[in-house]
Number of protein chains: 2
Amino acid sequence: MNERKLKVMEAAHSLFVKKGYAATSVQDILEKSSISKGTFYNYFPSKSELLMSIFDKINHETNKRRTEVLAGRPVHDKEVFIEQIKVKMEVNKENNLFVLFQGVFVSDDAELKKFVKQHHFNELCWTQRRLIEVFNDDVRPYSADLAITLYGVVQNTVHFLVAAEERVELDAIIRYALRRVETSVNDVIQTKDMLLDSRILERLQPEFALNREKKKSALMQKIGVMQESAGDEQRELLSFLQDELRSAAPRCRVIEAVLEGVAENKDLKALINGFLHE
Amino acid sequence: MNERKLKVMEAAHSLFVKKGYAATSVQDILEKSSISKGTFYNYFPSKSELLMSIFDKINHETNKRRTEVLAGRPVHDKEVFIEQIKVKMEVNKENNLFVLFQGVFVSDDAELKKFVKQHHFNELCWTQRRLIEVFNDDVRPYSADLAITLYGVVQNTVHFLVAAEERVELDAIIRYALRRVETSVNDVIQTKDMLLDSRILERLQPEFALNREKKKSALMQKIGVMQESAGDEQRELLSFLQDELRSAAPRCRVIEAVLEGVAENKDLKALINGFLHE
DNA sequence: TTCAATTTGGACTAGCAGTCTAAAAATAGA
DNA sequence: TCTATTTTTAGACTGCTAGTCCAAATTGAA
């Protein structure tokens, strides 16, 4: 991306964090980034499109950090899950997103609203998938409820503490929420207590991401299962496959080659082909 | 209050609900309520002060309805608690407060922000007090955590469903959240799992309301306990006392008179005196 | 040097919240 | 009914906003 454009985004970002979206005028951004109005509207069709670009950038970095956290560790590792949630909340806090997101809802900008809404759905859907990965498949029917519960408790607690100007101990908060959810897991499975259809979140996903993420999840689970009953060198191969498949641009040839070294790879091969080639 | 001023508030209210706070201009309000700009700024110092007046009015009505729900029923009745939460959420939904409250945070108006924040704290504090009343005093050390959890789950679920344009079954949501909290109650008491100091919410209350609400709560609990081990006519007297003390302007003479008919009334008399006469 | 793309600064539009004023209208008191 | 006071009115006005437009200046590459 244009280096100049990036400079504008950074200037705007810091101003939004400091003063909030509405209180930051385009004029402020022009002065801070030393460009002219004409150039600004060359780069961004509007102030709200600029904000969306910034959201996109932040989100991209968040996802990258989340992937790094998971690298080389099993998907059912609770500590990984905790760290991944923490990544998001840290980013939210650093970027004052609690306030920024809210600022969006007041604007009349329908696109912007839709954008932020979709973001929220995606996060819930991610949480749901991870819950199924961390606990096991028994939790699936209740996973939408639990995702909303987990997200709600963490979000609400952080939000409250920020508003109250108290110290925010992210780690403690996330662990607390997860302990409550863990109890709820047993609870809802035993009593078959369900509020929302577990597929409600998938339905709200854009089609493409939905299929892709579903396949990815199935793959990771499959590999996870295989890892458990595998020897050391087999586990290394499987672990490598997980990492490679998770990356933004998986190297197909490498994966195919490694796949040859994996025992009982018929099902796996089919799944991976389905994932890699649409 | 001035009938004309009320008309303006109603016009503004409906516009805010329909179009949102930011998207409604003062001009719109003037046209809808057929007054002039001069009159508007006679009534309200600013657009945001108008919004606060509306919030105040809504809140007042909410509290009134909540009091009515409780009338003649014991404070530990779970159904009462559910209905009371429902009142708030219904009001929020009817008045589109999810959007309105958010709209506030974008404005640069520090007063308005503080106002909404305090509102949120008050609601959490109310939830906390009610949790102690509904479950019992053992829950007190964990009551702030549980209040935030309960509020977080309900709020988040409703908010999600509204965003997803799905049906919102308030009753089912609240009952679900309360079942989760109920399990959590046993859980945290057993494991002594505490996140936040239970007094954190009280500390955020304005001094006056704090003391008053504390005394009120103690009174209600005391009366509740007495009711359990009382005969029918005694229970009727105690029930009346609860209602009267809960009202906006308790009639002191009536209370004193009724108090004479209550057995073992020394402690109760002291508490009521403390409550009524500051 | 030439040519095309980019950048510039500022004029401009339309709309916003809020202020102010002089005149009109409503209200109350005698 | 007349008078004095208060309230209401319409609109001009300030200073701000986002976004459009354009001729002129600058830049980079061939």
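Atom set for the values below is all heavy atoms of this structure, side chains included, hydrogens, waters and symmetry mates excluded. Here is how names work: the chains are called A, B, and so on, in the same order as the sequence lines, proteins then strands, and each is numbered from 1.
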Ring geometry between A/Phe16 and A/Tyr21 (parallel below 30°, tilted from 30 to 60°, perpendicular above 60°):
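The rings of A/Tyr21 and A/Phe16 stand perpendicular, inter-plane angle above 60°.
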Parallel, tilted or perpendicular: rings of A/Phe160 and B/Phe121 (30°, 60°):
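B/Phe121 and A/Phe160: perpendicular rings.
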Compute whether any side-chain donor of one residue and acceptor of the other, for A/Asp28 and A/Ser25, lie under 3.5 angstrom apart.
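There is such a pair (donor and acceptor under 3.5 Å, judged by atom type) between the side chains of A/Asp28 and A/Ser25.
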Atom pair distance, as rounded to whole Å: [atom1] in [X] and [atom2] in [N]:
X       : N      : atom1 : atom2 : value
B/Glu49 : C/dT19 : CD    : P     : 12 Å
B/Phe40 : D/dG11 : CZ    : P     : 19 Å
B/Lys5  : D/dT8  : NZ    : C1'   : 16 Å
B/Asn42 : C/dA26 : CG    : C1'   : 14 Å
B/Ile35 : D/dA10 : CD1   : C1'   : 13 Å
B/Phe44 : C/dT19 : CZ    : P     : 15 Å

Polar atoms only, N or O, under 3.5 Å: list the protein pairs with nucleotides 12-17 of chain C and their distances.
from	atom 1	to	atom 2	distance (Å)
C/dA17	OP1	B/Val26	N	3.4
C/dA17	OP1	B/Lys47	NZ	3.2
C/dA17	OP2	B/Val26	N	3.1

Cation over ring, A/Lys47 on A/Phe40, under 6.0 Å and within 45°?
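No - A/Lys47 does not lie over the ring of A/Phe40 by the 6.0 Å and 45° rule.
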Please round to the nearest 0.5 Å and tell me the distance separating atom CZ of A/Arg167 and atom CG of A/Leu161.
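Output value for this atom pair is 10.5 Å.
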Atom OH of B/Tyr151 and atom NZ of B/Lys88: how far apart are they, to the nearest 0.5 Å?
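One finds 6.0 Å between OH of B/Tyr151 and NZ of B/Lys88.
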What nucleic acid atoms does B/Tyr43 come within less than 4.0 Å of, heavy atoms only: base, sugar-phosphate, or nothing?
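Sugar-phosphate: the residue B/Tyr43, judged by heavy atoms under 4.0 Å, touches backbone atoms but no base.
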Using every non-hydrogen atom in the two residues, find where B/Ile54 and B/Met9 come nearest and quote the distance to one decimal.
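Of all heavy-atom pairs spanning B/Ile54 and B/Met9, the closest is CD1-O, 3.7 Å.
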Check the phosphate of C/dT7 against A/Thr39, side-chain N and O only, distance under 4.0 Å to OP1 or OP2. Yes or no?
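Checking A/Thr39 against C/dT7: no side-chain N or O falls below 4.0 Å of OP1 or OP2.
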Is the shortest side-chain N/O distance from A/Arg4 to OP1 or OP2 of C/dT8 below 4.0 Å?
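For A/Arg4, the contact criterion (side-chain N or O under 4.0 Å from OP1 or OP2 of C/dT8) is met.
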Would you call B/Glu123 and B/Arg66 a salt bridge, taking side-chain N to carboxylate O under 4.0 Å as the test?
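Judged by the 4.0 Å cut-off on N to carboxylate O distance, B/Glu123 and B/Arg66 do form a salt bridge.
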Could you list, one pair per line, each protein nitrogen or oxygen that sits under 3.5 Å from a nitrogen or oxygen of nucleotides 21-23 of chain C, together with the distance?
none

Applying the side-chain contact (heavy atoms from CB on, under 4.5 Å) test to B/Ile173, which of B/Leu178, B/Val168, B/Val153 qualifies?
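Among B/Leu178, B/Val168, B/Val153, the one meeting side-chain contact (heavy atoms from CB on, under 4.5 Å) with B/Ile173 is B/Val168.
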